[in-house]
Amino acid sequence: MHGISENGRVIFNKAIKRAKLLAFFETLPPCTVGMGACGSSHHWGRQLRQLGHDVKLMPAGYVKPYVKRGKNDAVDAEAICEAVRRPTMRFVDI
């Protein structure tokens, strides 16, 4: 998980297990959540929308240009955070 404020300041950057994901998002005020589009992202997108969040799914190929260094989950999360803010980004419907 990588979270930033509207002005780009990092608020959190931590690993969260799937079992605790919904509980974590229940504590957050409604916000924009970016995720890489995959089979399970549609499930999680529906769950997060029920909590009031604005969920945006992006194909991995569209996020790849924003990866700054070697591939791992933390770097991918930061890249998704950067990509979701781009005005020309194209999203996948849930």
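Heavy atoms only: backbone and side chains are in, while hydrogens, waters and symmetry mates are out.
The CD atom of Gln47 sits 4.5 Å away from the NE2 atom of His43 when rounded to the nearest 0.5 Å. The distance from the CD1 atom of Ile80 to the CE atom of Met1 is 10.0 Å, given to the nearest 0.5 Å. Between the CG atom in Leu21 and the CG atom in Leu48 there is a gap of 6.0 Å [rounded to 0.5 Å].
Chaining together hydrophobic side chains whose heavy atoms lie under 4.5 Å apart places Val67 alongside Val75. Chaining together hydrophobic side chains whose heavy atoms lie under 4.5 Å apart places Val10 alongside Ile4.
Nearest heavy atoms, Gly36 versus Ser41: O-CB, 3.3 Å.
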Hey, can you pull the donor-acceptor pairs under 3.5 Å for the side chains in residues 81-94, sequence neighbours left out?
from: Glu82; atom 1: OE2; to: Arg86; atom 2: NH2; distance (Å): 2.3
from: Arg85; atom 1: NH2; to: Glu6; atom 2: O; distance (Å): 3.0
from: Arg90; atom 1: NH2; to: Tyr62; atom 2: OH; distance (Å): 3.0

Tell me which donor-acceptor pairs under 3.5 Å the side chains of residues 52-59 have, and how far apart each pair is, sequence neighbours excluded?
from: His53; atom 1: ND1; to: Cys31; atom 2: N; distance (Å): 3.2
from: His53; atom 1: NE2; to: Phe25; atom 2: O; distance (Å): 3.1

Open item on the list: Walk me through whether Leu51 and Leu22 qualify under side chain to side chain contact (heavy atoms under 4.5 Å, CB included).
Closed with: CA-CA 9 Å; Leu51 296 175; Leu22 286 179; 4.1 Å; yes
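Listed by chain and number, the residues in a side-chain contact (heavy atoms from CB on, under 4.5 Å) with Asp73 amount to none (sequence neighbours excluded).
Listed by first and then second residue, the side chain to side chain donor-acceptor pair (under 3.5 Å) pairs that reach into residues 10-28 come to none, sequence neighbours excluded.
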